[in-house]
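Here is the structure we will look at.
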Amino acid sequence: MNTGLQLYNTLSRKKEQFQPLNAPNVGMYVCGPTVYSDVHLGNCRTFMSFDLIFRYLKYSGFKVRYVRNITDAGHLEGDRDEGDDKFAKRAKLEQLEPMEIVQKYTLGFHDVMRMFNTLPPSIEPTATGHIIEQIEMIKVIIENGYGYEIGGNVYFDVEKYSKEYNYTILTNRNLEDMLNNTRELGGQDEKRGRLDFALWIKAKPETLMQWQSPWGRGFPGWHIECSAMSAKYLGAEFDIHGGGMDLAATHHTNEIAQSEACSHQQPARFWMHTNMLTVNGTRMSKSAGNGFLPLQLFTGDHPLLKKGYSPMTVKFFMMQAHYRSTLDFSNDALDASEKGFRRLMAAVSLLDKLTTSEANEFNIDTLKVNCVNAMNDDFNSPVLIAELFEAVRIINTVYDGNGKISASELEKLKALINDFVFDILGLKDEESDNLELNSVLEMVIDLRKEAKENKDYATSDKIRIGLQELGIQLKDSKEGTTWSKS
């Protein structure tokens, strides 16, 4: 079991040694998508980052229960309990039932995650499937004196809570500044305090998604679902809570408050947050016109994209930045990642074609230590990838006959590639998935080989140049000919 893992904790704002509450078991909760529209790239980056974390924790010998929720109710347009319900608004727009909207975009989310080759979580609970648990938690919060009901709505009393707990512990914001920056309560606002937020919202007669509760018919506030579901599946205290950094200021701050108000203890020991996406240096957003969906990125169907990029190219691009760093999309950066990914996969495809010898010039154990050290340093995937390109150099050197590797070291190298490229980074060779293309190219390569053996160099060159024009590069060596996409 890995004892050298260091995680950056948003709570303490520093790296800390990771020691699970109940080793080797690890409980990890990640805020999932709100399924009222297509999943956006910011979400994808978060889920790919925590997929990497999930994979590495398992590789390190931990038994991980990874819970990632689906928000399918209770999310209003405004984070401060205002605006229309996102599901009802989309349902009206598409002339569908709200649960048809939920089903449509949940399936779409899963499809995109499969394209990115992410593992499914251990449990994927939904808000609508846990209404009872949310009601029960709200009842306890009221009993403990931190919630109040007015006219069928239930609110969390932030001022009362702040007298006993640190409401801004996650963000280190000044509570007085927050109050000053929050508008005064209007005459129609029934909340006691400006920072109070809804635990339960009274339904209007026309509201489609509503449930019976001790306070009348209504639906849960956005924040309570995660507190209820994390407690149910991971306990009142667990190891890791994750999500995008945009959730820290409101959603995760309120989660902590709800959980402490209920159980009198912090829910998670480590809070981890992924950073934002930018496009050509500007924050990605729909309003700025620079936000594109995963499928648009794959097809290139967007004014800011000059072409499409494969799912694994996009994933490799995202893994080349640390999860806590801003990630900037540009055509040049994606092109560079595409070349890097193809170079990595081309080298991996040569592993079974390497010739071993009695002599050995490479120390794979040292390379593995470097890879582990990179991941132990708060899941530093860019440093890991840099180390993997040292493995690429070794493979190409041996294949070209400029270096010697023993059978035992080659087996270590194969295991390292399998562990870190496929099992931990979650990459896959997209070319190997296309067996038909492989078969056709092998036949063409054989025809070129026959032409060369017959000294028909005109035909041989014609085949090579023709493939090159189609984006296929051939590489000749004493071991034979291999191909890769340029």
Q | For the student: nearest non-hydrogen atoms of S381 and A321, plus distance | A | OG-O, 3.6 Å
Q.
According to side-chain contact (heavy atoms from CB on, under 4.5 Å), who are the partners of Q95, at least two apart in sequence or on a separate chain?
A. none
Q: Decide side chain to side chain contact (heavy atoms under 4.5 Å, CB included) for L21 and R269; before the verdict, give the C-alpha distance in whole Å, the side-chain angles of both, and the deciding distance to 0.1 Å.
A: CA-CA 9 Å; L21 286 163; R269 295 176 62 247; 3.3 Å; yes
Q: Report the residues that fulfil side-chain contact (heavy atoms from CB on, under 4.5 Å) with T253, sequence neighbours left out, ordered by chain and then residue number.
A: Y167, L170, T171, R173
**Q.** Partner residues of R217 under the side-chain contact (heavy atoms from CB on, under 4.5 Å) criterion, sequence neighbours left out
**A.** Q210, Q212
Q.
A quick test of your reading: do over 12 heavy atoms of other residues, nucleotides or ligands sit less than 6.0 Å from CZ of R283?
A. no
(Q) Against the six-membered ring of Y161, is K163 placed for a cation-pi contact (under 6.0 Å from the centre, within 45° of the normal)? (A) no
Q: Starting from the C-alpha separation in whole Å, work towards a yes-or-no answer on side chain to side chain donor-acceptor pair (under 3.5 Å) for T274 and T46.
A: CA-CA 6 Å; T274 56; T46 294; 2.7 Å; yes
Q. Can the ring centres of H223 and H252 be said to be less than 6.0 Å apart?
A. no
Q) Who pairs with R68 by salt bridge (charged side-chain N to carboxylate O under 4.0 Å, His left out), at least two apart in sequence or on another chain? A) E124
Q.
In the structure I gave you, are the side-chain heavy atoms of K428 and M312 within less than 4.5 Å of one another anywhere?
A. yes
Q. Salt bridge or not for D335 and K339, using N-O below 4.0 Å?
A. no
Q. Does Y56 have any side chain to side chain donor-acceptor pair (under 3.5 Å) partners at least two apart in sequence or in another chain, and if so, which?
A. N2, N376
Q: Specify whether F316 and F389 have parallel, tilted or perpendicular ring planes, treating 30° as the upper limit for parallel and 60° as the lower limit for perpendicular.
A: perpendicular
Q | Side-chain H-bond candidate by donor/acceptor type, E338 with T313, under 3.5 Å | A | no
Q: Only counting residues at least two apart or in another chain, list the ones meeting side chain to side chain donor-acceptor pair (under 3.5 Å) with D301.
A: none
Q. V30 versus V67: any side-chain heavy-atom pair under 4.5 Å?
A. no
Q) When you look at I135 and K139, which way does the side chain to side chain contact (heavy atoms under 4.5 Å, CB included) test go after all the steps? A) CA-CA 6 Å; I135 289 173; K139 287 164 65 176; 4.0 Å; yes
Q | Short side-chain donor-acceptor distance under 3.5 Å, N280 and S330 | A | no
Q: Could you name each residue pair satisfying ring pair (Phe, Tyr, Trp, His ring centres under 6.0 Å) that touches residues 110-129, not counting sequence neighbours?
A: F116-F298
(Q) Is there a side-chain contact between L5 and L57 in this structure, where contact means two heavy atoms from C-beta onward sitting under 4.5 Å apart? (A) yes
Q: Could you pull out the closest heavy-atom pair between C31 and H241, with the gap in Å?
A: SG-CE1, 3.5 Å
Q) What distance do I53 atom CD1 and I240 atom CD1 have between them, rounded to the nearest 0.5 Å? A) 7.0 Å
(Q) For S325 and N275, which I'm curious about, is there any donor-acceptor pair between the side chains at under 3.5 Å? (A) no
**Q.** Aromatic centroids of F317 and F341 separated by under 6.0 Å
**A.** no
Q) How many angstroms lie between OH in Y323 and CG in L52, if you round to the nearest 0.5 Å? A) 10.0 Å
**Q.** Shortest non-hydrogen separation from L41 to L293 and the atoms involved
**A.** CG-C, 4.5 Å
**Q.** Side chains of L175 and S162 in contact at under 4.5 Å (non-hydrogen atoms)
**A.** yes
Q.
Less than 6.0 angstrom separating the ring centers of Y105 and Y36, yes or no?
A. no
Q.
Please verify the inter-ring angle class for Y233 with H130; under 30° counts as parallel, over 60° as perpendicular, anything in between as tilted.
A. perpendicular
Q: Please step through side chain to side chain contact (heavy atoms under 4.5 Å, CB included) for the pair Y148 and K191, ending with a clear verdict.
A: CA-CA 9 Å; Y148 58 94; K191 298 177 186 177; 3.8 Å; yes
Q. Which residues pass the side chain to side chain donor-acceptor pair (under 3.5 Å) test with T207, sequence neighbours left out?
A. none
Q: For M276 and R45, work out which heavy atoms get closest and say how close.
A: O-NH1, 3.5 Å
Q. If you measure only the distance, is there a donor-acceptor pair under 3.5 Å linking the side chains of Q320 and S337?
A. yes
Q | Listed partners of E164 passing salt bridge (charged side-chain N to carboxylate O under 4.0 Å, His left out), at least two apart | A | none
(Q) Using 0.5 Å steps for rounding, measure from the CG atom of L7 to the CD atom of Q17. (A) 9.5 Å
Q) Is there side-chain contact between T278 and F329, with heavy atoms separated by less than 4.5 Å? A) no
Q.
Is the shortest side-chain heavy-atom distance between C226 and H251 below 4.5 Å?
A. yes
Q: Could you tell me whether Y8 and F18 have their ring centroids closer than 6.0 angstrom?
A: no
Q: Quick one: list whatever passes salt bridge (charged side-chain N to carboxylate O under 4.0 Å, His left out) with E133, sequence neighbours left out.
A: K232
Q. Any idea how Y165 and H264 line up, ring-wise: parallel (<30°), tilted (30 to 60°), or perpendicular (>60°)?
A. parallel
Q. Can you name the side-chain contact (heavy atoms from CB on, under 4.5 Å) partners of N9, sequence neighbours left out?
A. L11, S12, E16, F270, W271
(Q) I'd like to check the salt bridge (charged side-chain N to carboxylate O under 4.0 Å, His left out) partners of E100; sequence neighbours left out, ordered by chain and number. (A) none
Q.
Counting neighbours of CD1 on I132 that are heavy atoms of other residues, nucleotides or ligands and sit closer than 6.0 Å, is the number greater than 12?
A. no
Q. Looking only at heavy atoms, what is the nearest atom pair of S37 and R90, with distance?
A. CB-NH2, 3.5 Å
Q) Step by step, would you call H322 with D378 a side chain to side chain contact (heavy atoms under 4.5 Å, CB included)? A) CA-CA 9 Å; H322 190 267; D378 194 31; 3.2 Å; yes
Q.
Could you report the tightest heavy-atom contact between A228 and M137, atom names first, then the distance?
A. N-SD, 3.7 Å
Q: Answer with yes or no whether the side chains of S49 and D51 bring together a donor and an acceptor at under 3.5 Å.
A: no
Q.
If the test is ring-ring contact (aromatic ring centres under 6.0 Å, His included), which one of F50, F238, F54, Y29 qualifies with Y66?
A. F54
Q | Residues E225, T71; criterion side chain to side chain donor-acceptor pair (under 3.5 Å); working and verdict | A | CA-CA 8 Å; E225 65 175 278; T71 296; 3.1 Å; yes
(Q) By the definition ring-ring contact (aromatic ring centres under 6.0 Å, His included), identify the one residue from W222, F156, Y146, Y155 that meets it with F197. (A) F156
Q | Worked verdict on D423 versus K58 for salt bridge (Lys or Arg N to Asp or Glu O under 4.0 Å) | A | CA-CA 10 Å; D423 287 350; K58 293 205 301 179; over 6 Å; no
